[in-house]
Amino acid sequence: MIKFGLVGYGAIGEVRAQALKGTPEAKLSLIIDPVQERRKQAKAAHSIRVSSALQDLLDDDAIDAVIVSTPPNLHRVHCEAALMAGKHVLCEKPLAPTPQDCRSIVETALKCGRVLATGFNYRFYPGIVLARQWIEQGRIGQVTHVKSVAGHPGGPEFTHQWVHDPRIVGGGALMDNGIHLADLTLLFLGPVETSCGFTSHQTWQFQGTEDNGFVLMQTSDGRIGSLHATWTAWKGYHWQVEIHGTRGSIQVSYPPMMAALYDRPLGAAKRGKRHLELFPVFQVFERLRSYRWTVVQSFIAEQTDFISRLKSERGSGATGLDGLRAVELAMSAYAHEHAPVEKFTAQTHVPILN
Ligand SMILES: NC(=O)c1ccc[n+]([C@@H]2O[C@H](COP(=O)([O-])OP(=O)(O)OC[C@H]3O[C@@H](n4cnc5c(N)ncnc54)[C@H](O)[C@@H]3O)[C@@H](O)[C@H]2O)c1
């Protein structure tokens, strides 16, 4: 049994705690939040110890792992304190608001020999899991390019105030909803050598944050990708990733959960045959219990994967390094020029992160 502490019992911390109940071999033992009302709600929902003092978690030798679910500008201090106290860490996205902070967290995990994971739960949506299987089976040949988009109608009332503060999040749409798709794009394309992009803030005009951002990227062997993150998606919350290969293509989108595979007849420049997956269980449960059901399922799968990594098994979830790479990719749009993605030194990429 892995004993967990949770730092930050806000909107997502609450869902994390709920998902820990359904995660095999996980037990939530302590919740930290400075807001009394949140601690009261946590205690009522989980009947466990709550505290306002992070030190209580750090001093508790029985706690093996920590989920950090505070606003992003606090991730570094919370992750590093937990890592230095010998805990493994699963940190919500984005890993931190700057590449420097992300690097520091990754280096601390390496120094302390602890597992660090980034909360990119879209990896565990069944459409993405299926796409990875199709690619492993060689159904689309070699991946040639990836196109991603993430959108919601991100006005002031859509979410917390702090989401629009670049000092807290590090940027706008690209660092918020876009960061999940930055991760998925890199997952399917592989590490990129160069990236560049542009941002605009024509609609909401939040100080210093883009409501639309585009990134173009290229790998060292010439494969290319694009990412568009938007807070002006009037059709509502949605995301989509297209993975194109030499023999076919895959399109995964949500909501509704959908994955389509088009495999081209060998050697022919003809339209491919479509195989469509609609994940009926997800459609039904989302109707009955809302999208939150899907989020909980993805958190359970992500937390289960994290626990398997604590046992030195190879996981499919995002590492700390993946968290850093996604932030570097998103931020390359802020340079407004063809700036190379800053490289993380090879010797710091050690197997414990995988
Ligand atoms: N995985 C996803 O799809 C997803 C979706 C939304 C948000 N997030 C991420 O989850 C994290 C939390 O977002 P949220 O929506 O729950 O925010 P929130 O504002 O609802 O919750 C943050 C919580 O942290 C607490 N907190 C503040 N300072 C603290 C401190 N010093 N110590 C301990 N707790 C402290 C606050 O009291 C609050 O309860 C962010 O990193 C966000 O980007 C992830």
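Between the side chain of Gln283 and the main chain of Met257, a donor-acceptor pair closer than 3.5 Å is present. For Arg123 (side chain) and Gly317 (main-chain N/O), a donor-acceptor pair under 3.5 Å exists by modelled atom type. Between the side chain of Asp183 and the backbone N or O of Phe120, no donor-acceptor pair lies under 3.5 Å. For the pair Glu302 (side chain) and Phe124 (backbone), a donor-acceptor distance under 3.5 Å is absent. Side-chain N or O atoms of Arg76 include none that pairs as donor or acceptor with a backbone N or O of Ile105 at under 3.5 Å. The backbone N or O of Gly86 lies less than 3.5 Å from a partner atom in the side chain of Arg114, making a donor-acceptor pair. Looking at Asp305, its side chain does come within 3.5 Å of a backbone N or O of Ser316 through a donor-acceptor pair.
Annotation: side chain of Phe198 is not in contact with side chain of Leu216 (no heavy-atom distance under 4.5 Å). Put simply, the side chain of Gln251 reaches to within 4.5 Å of the side chain of Gln240, judged on heavy atoms. With a 4.5 Å cut-off on side-chain heavy atoms, His75 and Thr70 count as touching. Contact of the Trp239 side chain with the Tyr125 side chain is registered, since non-hydrogen atoms from C-beta on lie closer than 4.5 Å. With contacts defined as side-chain heavy-atom distances shorter than 4.5 Å, the pair Val15/Val296 qualifies. For the pair Gln207 and His201, the minimum side-chain heavy-atom distance is 4.5 Å or more. By the 4.5 Å heavy-atom criterion applied to side chains, Asn121 and His180 are counted as neighbours. Counting only heavy atoms from C-beta outward, the side chains of Val163 and Trp231 approach each other to under 4.5 Å.
Aromatic ring orientation, Trp293 versus Phe285: parallel (interplanar angle below 30°, classes split at 30° and 60°). Relative ring orientation between Tyr237 and His152 is described as parallel, the plane-to-plane angle staying below 30° on a 0-90° scale split at 30° and 60°. Ring-plane geometry between His88 and Phe306 is classed as perpendicular, the angle between the planes exceeding 60 degrees on a 0 to 90 degree scale with a lower cut at 30. Using cut-offs of 30° and 60° for the angle between ring planes, the Tyr9 and His46 rings count as perpendicular.
Taking NZ of Lys27 as the reference point, atom CD1 of Ile63 lies at 10.5 Å (rounded to 0.5 Å). Taking CG of Asp211 as the reference point, atom OG1 of Thr199 lies at 9.0 Å (rounded to 0.5 Å). A distance of 6.0 Å separates CG of Leu227 from CG of Leu329, quoted to the nearest 0.5 Å. Separating the CZ atom in Arg167 from the OG1 atom in Thr98 is a distance of 15.0 Å, to the nearest 0.5 Å.
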I would like to know whether Ile48 and Ser29 meet side-chain contact (heavy atoms from CB on, under 4.5 Å); could you show each step before the answer? CA-CA 6 Å; Ile48 57 163; Ser29 5; 5.9 Å; no
Apply side-chain contact (heavy atoms from CB on, under 4.5 Å) to Tyr334 and Glu210, showing your working. CA-CA 9 Å; Tyr334 304 153; Glu210 76 281 3; 2.8 Å; yes
Passes side-chain contact (heavy atoms from CB on, under 4.5 Å), His145 versus Ile243? Steps please. CA-CA 6 Å; His145 58 287; Ile243 310 127; over 6 Å; no
side-chain contact (heavy atoms from CB on, under 4.5 Å) assessment of Glu25 paired with Thr304: CA-CA 8 Å; Glu25 295 182 68; Thr304 304; over 6 Å; no
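Side-chain atoms of Thr232 and Thr203 include no donor-acceptor pair closer than 3.5 Å. Under 3.5 Å, the side chains of His228 and Asn212 contain a donor-acceptor pair of N or O atoms. In summary, the side chains of Arg16 and Gln303 do present a donor paired with an acceptor at a separation below 3.5 Å, with no hydrogens or angles considered. Between the side chains of Glu242 and His244, a donor-acceptor pair is found at a separation under 3.5 Å.
Looking at Asp33 and Arg38, no side-chain N of the basic residue comes within less than 4.0 Å of a carboxylate O on the acidic one, giving no salt bridge. Electrostatic pairing of Arg274 and Asp263 does not count as a salt bridge here, judged by no charged N lying under 4.0 Å from a carboxylate O. The pair Lys111-Glu80 does not meet the salt-bridge criterion, since no charged nitrogen lies less than 4.0 angstrom from a carboxylate oxygen. The pair Asp60-Arg49 meets the salt-bridge criterion, with a side-chain N (NZ, NE, NH1 or NH2) lying under 4.0 Å from an Asp/Glu carboxylate O.
Counting all heavy atoms, side chain and backbone alike, Leu187 lies closest to Arg132 at CD1-NH2, 3.5 Å.
For CZ of Arg292, the number of neighbouring non-hydrogen atoms (other residues, nucleotides, ligands) closer than 6.0 Å is greater than 12.
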